[in-house]
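Below is one structure; the comments refer to it alone.
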Amino acid sequence: MRRTVSDIRSMKTEGKKISMLTAYDASMARLLSSCGVVDILLVGDSLGMVMLGYDSTVPVTMEEMLHHAKAVRRGAPNAFIVGDMPFGAYQTGERDAVFNGMRFMKEAGCDAVKLEGGLVMCGVVRALVDAGIPVMAHIGLTPQTAGQLGGYKLQGKGLDAARRLLAEARGLEEAGAFAVVMECIPSGLAQVITQNISIPTIGIGAGVNCDGQVLVTHDLLGMFDKFIPKFVKKYCDMAPVIKESIMQYDLEVKAGSFPGPEHGFTGQGDYSQILVS
Ligand code: KIV
């Protein structure tokens with residue numbers, strides 16, 4: 001059964017942890033949803049780095065996000081899917097935000113959108129929610145504006161910064177967000193925020209006391225080794241498995257041992273006869 005926004009919200013009140021993972025294509029989405037346990041699939045704009053080879057999430061476009069979000073929906077028809085609004089899709093104003101949010105819902109079949117930013121984004125969040133588009137907020141380390149934050153580093157370290165983050169979480173809750181991602185903030189601060197807002201917090205580098213967790217699936221599987229943040233736990237190391245399989249395939253092709261008879265097809269008759277006119 002496809003989860004709803006209110007299912008996700010009630011997980012917090014029922015004390016059930018929420019698991020969210022990224023997906024960018026149909027085959028991974030199918031695999032993830034066949035496990036039957038992951039609560040939310042996020043078509044993250046981390047797509048830009050993981051799948052498209054960009055150095056940051058900044059160049060990712062709406063067309064790229066929609067292309068991948070559609071694939072994820074095809075692969076996981078019953079999943080609760082959140083589409084990540086790329087840089088430039090909502091910072092230009094409420095009208096653009098609603099227009100692009102609608103595209104995620106109507107064209108890609110997403111259930112909600114995610115956007116980065118704190119108090120400055122509350123108006124945009126409210127406009128999206130008023131237009132019927134559920135919003136997941138994202139505070140702390142916000143990769144689209146990492147340059148302004150001094151790079152990919154811990155946020156909310158001192159008490160003033162911590163107070164600001166709590167105010168942002170409260171403002172976003174008030175604006176109508178149904179959940180908030182908190183990235184790369186101290187675990188103690190994440191716990192205080194989690195206990196003092198009514199919407200679920202989903203942590204990444206924010207400790208175990210958030211209402212849920214998110215990771216980039218390719219990081220968890222050990223498939224993306226260009227940059228591995230401290231908060232990533234590799235549950236398996238797929239890169240060497242993939243490389244070994246490729247080497248073995250190449251070896252067998254070149255030795256003439258692949259394909260074997262079991263991979264071929266048998267027809268009817270003696271095909272050398274087609275050479276006789
Ligand atoms: O783009 C993304 O994958 C994200 C998550 C890491 C939260 O924003």
Side-chain angles (χ1 to χ4, degrees), residues 8 17-25 28-29 32 38-62 64-69 71-72 79-91 100-101 104 108 110 112-118 121 125 135-146 149 152-156 165 168-169 172 177-185 190 193-194 199-207 210-221 223-224 226-235:
I8 304 293
K17 292 276 191 184
I18 300 163
S19 68
M20 177 160 95
L21 282 173
T22 58
Y24 315 111
D25 60 50
M28 185 63 84
L32 292 174
V38 179
D39 302 298
I40 305 175
L41 297 187
L42 170 67
V43 188
D45 64 351
S46 48
L47 163 80
M49 288 144 104
V50 178
M51 303 295 282
L52 303 181
Y54 298 140
D55 284 334
S56 77
T57 56
V58 171
V60 178
T61 65
M62 265 307 289
E64 287 165 340
M65 288 304 302
L66 288 172
H67 180 70
H68 286 265
V72 170
F80 185 91
I81 298 177
V82 177
D84 211 359
M85 299 271 266
F87 189 56
Y90 56 101
Q91 291 87 348
N100 287 317
F104 271 109
C110 286
V113 299
K114 178 170 85 59
L115 56 80
E116 297 181 7
M121 281 302 152
V125 170
V135 179
M136 177 178 281
H138 183 157
I139 59 172
L141 173 55
T142 45
Q144 292 175 6
T145 46
L149 301 174
Y152 295 86
K153 60 182 198 188
L154 185 69
Q155 300 297 308
L165 277 176
E168 287 180 349
L172 290 159
F178 74 94
V180 57
V181 169
M182 303 196 297
E183 179 164 353
C184 218
I185 67 171
I193 295 176
T194 299
I199 57 173
T201 59
I202 301 186
I204 174 161
C210 299
D211 297 306
Q213 299 291 328
V214 56
L215 277 181
V216 168
T217 303
H218 286 66
D219 288 343
L220 170 164
L221 296 176
M223 288 173 71
F224 184 73
K226 209 170 160 193
F227 170 68
I228 305 166
K230 178 176 188 270
F231 52 72
V232 167
K233 177 171 175 184
K234 264 197 210 179
Y235 284 79

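We count ligands from 1, going down the list as the structure has it; atoms in each ligand are counted the same way. Index from 1, following the sequence.
Residue contacts with ligand 1 for Asp45 involve both N, CA, C or O and side-chain atoms from C-beta outward (heavy atoms, distance under 4.0 Å). Contacts between Asp84 and ligand 1 below 4.0 angstrom, taking non-hydrogen atoms only, involve the side chain exclusively.
Inter-residue side-chain proximity for His218 and Ser46 is flagged as unmet; no heavy-atom pair is nearer than 4.5 Å. Inter-residue side-chain proximity for Val216 and Met49 is flagged as unmet; no heavy-atom pair is nearer than 4.5 Å. Counting heavy atoms from C-beta on, the side chains of Leu47 and Asp84 never come closer than 4.5 Å. At least one side-chain heavy atom of Tyr90 sits under 4.5 Å from a side-chain heavy atom of Glu116. Thr194 places a side-chain heavy atom less than 4.5 Å from the side chain of Met182.
Each of the following atoms of ligand 1 lies closer than 4.0 Å to a heavy atom of Ser46: 1 (O), 2 (C), 3 (O). Listed by number with element, the atoms of ligand 1 under 4.0 angstrom from any heavy atom of Gly44 are 1 (O), 2 (C), 3 (O). Short contacts between ligand 1 and Thr22, defined as distances under 4.0 Å to a heavy atom of the residue, involve ligand atoms 3 (O).
Atom CG of Asp219 is separated from atom OH of Tyr235 by 12.0 Å, given to the nearest 0.5 angstrom.
The shortest separation from a heavy atom of Met20 to ligand 1 is not under 4.0 Å, leaving the residue out of contact. No heavy atom of Glu116 sits closer than 4.0 Å to any atom of ligand 1.
Regarding atom 8 (O) of ligand 1, its nearest protein heavy-atom neighbour is Lys114 NZ, 3.0 Å. Among protein heavy atoms, atom 6 (C) of ligand 1 sits closest to Ile204 CD1, 3.6 Å. The protein non-hydrogen atom at the shortest distance from atom 5 (C) of ligand 1 is Leu42 CD2, 3.7 Å.
With a 6.0 Å cutoff to the six-membered ring centre and a 45° limit on the axis angle, Lys226 does not count as a cation-pi contact of Phe224.
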